[in-house]
Every structure is written in C-alpha cells, then in structure tokens.
Amino acid sequence: MDNRGIARMLSETADLMEIAGEDSFRIRSYRIAAGVVEGHPEQMSAIAKDPSKKLTDIAGIGKGIAQVIQEIEERGSFERRDEMLGKYPASILELFGIQGLGPKSVRLLYDTYKVQTIDDLERVCKEHKLRELPRMGAKLEEKVLKSIGTYRRTQGRFLLSFGQRVADELSEYLRAVPGVETVTAAGSLRRAKETVGDLDLLVTGPGAAEALEKFVSHPRVHEVLGKGENKASVRYGLEGLQVDLRALGSDSYGAALQYFSGSKDHNVALRSRAQRMGLTLNEYGLAKVDGGERVAGVTEEEIYAGLGLDWIPPELRENSGEIEAAEAHTLPKLVELEQMRGDLHMHTVESDGRASLQDMAAAAQALGREYVAITDHSKSLAMTNGLDEKRAVAFAHQVRELDQRALGIRVFSGLECDILRDGAMDLSNDALAELDWVVASVHSHMNLESAEMTDRLLRALECPHIRALGHPTGRILLHRESYPFDFDVIAAECARRGVYLEINASPERLDIAAALIRAAKAKGCKFVISTDAHHPQHLANMSYGVRMARRGWLEAGDIINTLPSDEFAKAIKK
Ligand code: DGT
Ligand code: CA
Ligand code: CA
Ligand code: ZN
C-alpha cells in the first residue's frame, strides 16, 4: 500500500477511536503518525521490505506504529482498525464534517438510530428524532439540517489558508528544480477568495519541463489526473486538493498569468473590451485583429495598458466595477500588510487562549506590530473561563501595570464582551468603562429570526463602551453561514455611532465577506482588522484579514489599526 493509503488508515482509525471515546493520548499518536507517513518522501512499503532500514528510524514513528505499518503491508489492515470497524462502519466518519456534532453525539446517534451516513442523519432530523436524545433539542436539529446543506454545497472546496500552505510547499519544492525561474500561484488563491476549489500554479524557465516531472513525483502527490507537455494535474495530500501546474514561455508570461488568475467574469469582460478595441485577448497575448500583430504579453501591466487600463490588483478582479475604475484611474490604493500597526482582538490563558499576555505581546512585536489589545472572553462563555466584572477590571489593571517596557509593545486593556440573547452586554457598564477597547460579539442563540437578531445587535450597539463589533456575521467557512440579520441597518448604525466593524482574520471565519465590506464602507463605516488569535502562531493570520480588506476595496485610511499607537489611543478615547 502507498503512503497515502497507510496514512488514511491511521487517521480514520484515530477518528473511530474518538467516537468510541478512547484514550486521547493513543488517538493523538495515530494522528501524528498519519501526518509523518503521508509526507515521507520514501514509501513505507519499500522501507519495510529493506532489511538495511528500519521504520523506527523515521522521526515520529515509534515501535507500536512500526508494527502497525508492517501489519498493513502484510495483510492490508491492522488489528486495531479491524476492531474499530467491528464497532462502527467507516461511513460514519463523514458525519465529522457536520457542524455541531462531536464524537460523542455521533456515537449516540449510531447507538440509538444506527445513523451511519449524512443521509441517515438528515432523515433523523427531519423526523424530529434527534431532539429526543439527551442534551440535544429542536435547536440542534435545525442547526444540523442547515449544516448538512452547507456541507453538501461546499464539498470539494478548501480554506484559503490551506490552499496557501499547499501552494507555499509546492512552490518551494519546484523552485529548487534546476532551471526553474519563477513559480507563481494564480487562480482564486491569487485573488484571495476565502475558499479555493483547486490550485493553479505557473512555472517558467528552461527547467519548466523538468519541474512538471518533479511535480507528478512529489511524495504527497498520490494521483496524477493528467500529464501533457505543458500541463499536469494531480491530487495532493490526504485531503485530495487538485493542483494544476502549467509550464509557460516567458514571452507570454503576463498574458498567461492574467488569464489563469481570473476571475472568469473579469476575463470575459476584458475580452469583450478587447474586441470593442479591435483586439483579441487570450492566454498567449493581446493582438490586433487586423494583421494579428501582438501588442502585449510579457507582463500583466502591458496587457492592462494595452486595453487602456491601470493594472488591477488580483483581489479586485471579480467584474464588480474594477474595470471601470481602472479606466478612470480611480482604483483604490489598497491597504497592505506592512501598514498594519496594531492587532486588537486576541485571547490569553486568562480565558481560552493558549499563551500568556506576555507571550502574545512578544509574538506580536516580533511580527512588527506596535500595539495590541488583549480581549479575553466574558463570563457567559463559561466553557472559555470567561471573565466576570471583578476579574475583567483586575486584569485591566494588571495590563496597565506591566507597562510598555515590561511587555515590549504597547498593550491596551480590552475584552471580547458577549452579546446576550436580548442584546444586553454580558458585563456591567461600570466594568466596561474601565477598559480601553471593548469588542462585542455574538457567540450563542444564532438561530433567531432576522428581525429579532437585528434588534438584538441594535440594542448591543447602544452600549457606549463598545468600540468594535466582532466577527459581525458569525459565519464559519465551509460549516456555518452567517446568522440572518439586516446588515445594512447594522452597518449604518455602526457608522453613526463610530463603532468599528471587525474584519476577523481567523482563516475559518474571514468575517465579514468582501461584498459586505464594500457595502459597509459605502454607508460610512470604519474598520479594524484583527486576528482573534488564541495562540501566538495565529497572530500571523493578519495577512488573511488584509487580503479580505483588499477584496473589499479598503485603503489604509479606512482601517483604524493602521494608525500609530498615539493616534489610535486618541481615536478611542471617550
Ligand atoms: P476555484 O478554483 O473554483 O477556486 O476558482 P478559480 O478562479 O481558480 O477557477 P479555475 O481554477 O477554474 O480557473 C482558474 C482561472 O483560469 C479562472 O479564474 C479563469 C481561467 N479559466 C479557466 N478556465 C476558463 C474558461 O473556460 N474560460 C475562461 N474565461 N477562463 C477560464
Ligand atoms: Ca483554481
Ligand atoms: Ca484550475
Ligand atoms: Zn469571538
């Protein structure tokens, strides 16, 4: 069996053990081993057969896992897996894709109703049988049904951050091939769409043909979908993301980059513009219809200039006004990552974060931030150990006492205050008044009717201490859609009250979406881009928030945390 097959068996067994409620330490060792096997450049089967080599020499493979791999080689399965499959069918694993169902619920559903597939699950919900189970209810039924819909709609798409990781990995690998000059990601990844269907990579240089060979033999490539002289398509990694690689000549590089960056709608509009100008545009260049003389193709700038347009940043290429703006020279000067000076939503061990306030501040400083706000959860989120009034105020004092010298960068005291079901704030006004920066967010009761949710948010905005509305629509990409509410009304109210709309940079959220950013800006809103980090590593997600802001046509002046810290402090003074 190839490495991918072995890795899949290990990780599926881990999932089944989780449903069975087994020891988390053993589950984790299977998961780690799956990752190691999957990415190992040499086939496990070859190592197992070679008497001069040992599986246990591979970092991350211990004795137990080595035995498991031997067993898989010998008979195509292993004891633990057989045992688990005796308890639960493999099809049950797809239920993990449904929001709101943990391993315990999956087991309960299987034990009670023999639910083994998404279709089974849908039936049980529609027959109102899920609500009869302990700790489940009509609300969960509704939530699961919604999530099934989202799951079916988004199958085969991946988070932008995942696509970016794969693109980075492959780019590094391909750049090491002799004679390769450039490797560039085009398609939806270059446009920074929040989810990507497949990756479109472009390679140039005399080594491009060799790069195609290396590409199809990458250890994480488990299936070659097609390979020609200039193009190869594969499935990559356990998740099976499709990656297309195209080899290009440098004389038409700009035309190809433009063509494969899309979007399709943008390209269609450009082509008809070309036609009106007596030109043709394709992936080889821009040429005159009469006589066929080529006028552009080496760079993208040349292509756009040939069409009488300013160069259009990829994030704007959705045919939603960018071509008109490029013609009129009125494209926005989009915000850039280097302009982000502050990060104003993050959690520490005080609530559900993984690191101390000192560690978060140091990590933010290392990324070049000049200031941060610490915004732990408030008390109604009991599972996060949220802060009550007393702790919130004490924590704020602690933050102030540790001055800038102790922490390296300026730290504002803040809180992510939960918006309760009726729109009241989780903490009293007296406590909130002690803080520099309060983000208000919805974390529960997301299934209200639109009008009720709008009223709830309007009431929340009445609180004079709120500075920002956190992850404003509540969406979780690929899992949960925004809760229903009248976005325009809320945006107008935020603009009127000077409450900043958060662009949440967490890759699973990227909340709010580009179209809403634009709509809100048109209503006069100002924004803050925040990582919502729960770990120092998450602070680097700022780049995704910036890319969303760019898709929403924002400039630095629209975003408060591009201000220097003194000006920021002045802007949020009451
Ligand atoms: P995705 O992969 O669904 O996230 O979205 P894209 O935009 O990456 O789409 P994809 O991978 O199908 O194609 C990449 C780009 O190549 C696309 O944005 C425009 C261009 N392209 C590909 N096929 C066609 C086509 O048949 N017609 C046109 N006009 N453009 C195409
Ligand atoms: Ca694509
Ligand atoms: Ca593609
Ligand atoms: Zn939150």
Side-chain angles (χ1 to χ4, degrees), residues 153-160 162-164 166-167 170 184-202 225 231 233-234 236 241-246 248 255-275 280-283 312 314-319 344-347 351-353 373 375-378 380-381 383-384 386-387 414-419 426 438-444 446 460 468-478 480 483 502-506 508-509 511-512 530-534 538 551:
R153 260 195 312 284
T154 57
Q155 244 186 334
R157 293 196 73 80
F158 297 86
L159 292 181
L160 174 63
F162 176 76
Q164 187 66 57
V166 173
L170 281 171
T184 313
S188 50
L189 185 83
R190 185 166 182 239
R191 302 197 313 280
K193 243 185 114 157
E194 48 268 75
T195 64
V196 298
D198 68 7
L199 295 191
D200 305 280
L201 301 183
L202 309 177
L225 301 170
K231 183 190 165 186
S233 288
V234 304
Y236 182 89
L241 172 65
Q242 183 177 330
V243 185
D244 301 338
L245 179 67
R246 289 182 176 83
L248 305 174
L257 178 61
Q258 197 291 315
Y259 180 87
F260 291 111
S261 293
S263 67
K264 204 171 162 203
D265 289 347
H266 175 86
N267 287 357
V268 167
L270 279 194
R271 274 201 301 274
S272 43
R273 180 180 176 88
Q275 267 165 20
T280 60
L281 175 64
N282 57 32
E283 64 261 53
I312 300 176
E315 294 92 336
L316 303 186
R317 300 183 193 171
E318 301 291 347
N319 194 29
L344 299 165
H345 184 161
M346 68 188 65
H347 300 264
S351 66
D352 63 346
T375 56
D376 276 300
H377 286 292
S378 63
S380 74
L381 296 185
M383 70 285 193
T384 70
L387 284 70
L415 187 82
E416 182 180 17
C417 191
D418 195 45
I419 298 174
D426 191 20
V438 176
V439 179
S441 317
V442 166
H443 294 108
S444 58
M446 298 192 194
L469 189 59
H471 41 77
T473 77
R475 72 170 175 178
I476 303 289
L477 294 168
L478 308 178
R480 184 175 79 203
Y483 38 72
E502 179 179 273
I503 298 172
N504 189 293
S506 159
E508 298 80 34
R509 290 191 184 271
D511 184 3
I512 52 184
S530 299
T531 60
D532 197 354
H534 286 67
H538 300 164
R551 280 178 69 80

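For ligands, and for the atoms within them, numbers begin at 1 and follow the listed sequence. The basis for the numbers below is simple: all heavy atoms, side chains too, and nothing from hydrogens, waters or symmetry mates.
- Proximity annotation for atom 8 (O) of ligand 1: of A186, S188, G262, S188 comes nearest, heavy atoms only.
- Draw a line from the Zn ion (ligand 4) to NE2 of H471 and another to NE2 of H443, and the angle between them is 100° (to 10°).
- Ligand 1 places these atoms under 4.0 Å from at least one heavy atom of R271: 29 (N).
- Of the angles at the Ca ion (ligand 2), the one spanning O of D198 and OD2 of D200 is 100° when given to 10°.
- In this structure, atom 29 (N) of ligand 1 has protein heavy atoms in its sub-4.0 angstrom surroundings.
- In terms of protein heavy atoms, atom 12 (O) of ligand 1 is closest to D198 OD1, 4.9 Å.
- For atom 7 (O) of ligand 1, the closest heavy atom belonging to the protein is R191 NH1, 2.9 Å.
- Protein heavy atom nearest atom 9 (O) of ligand 1, with residue, atom name and distance: D200 OD2, 4.8 Å.
- The Zn ion (ligand 4) lies closest to atom OE2 when only the N/O/S atoms of E416 are considered.
- Closest protein heavy atom to atom 25 (C) of ligand 1: Y259 OH, 3.9 Å.
- Among R246, Q258, K264, the residue whose heavy atom lies nearest to atom 26 (O) of ligand 1 is K264.
- Contact atoms of ligand 1 toward G187: 8 (O) (distance under 4.0 Å to a heavy atom of the residue).
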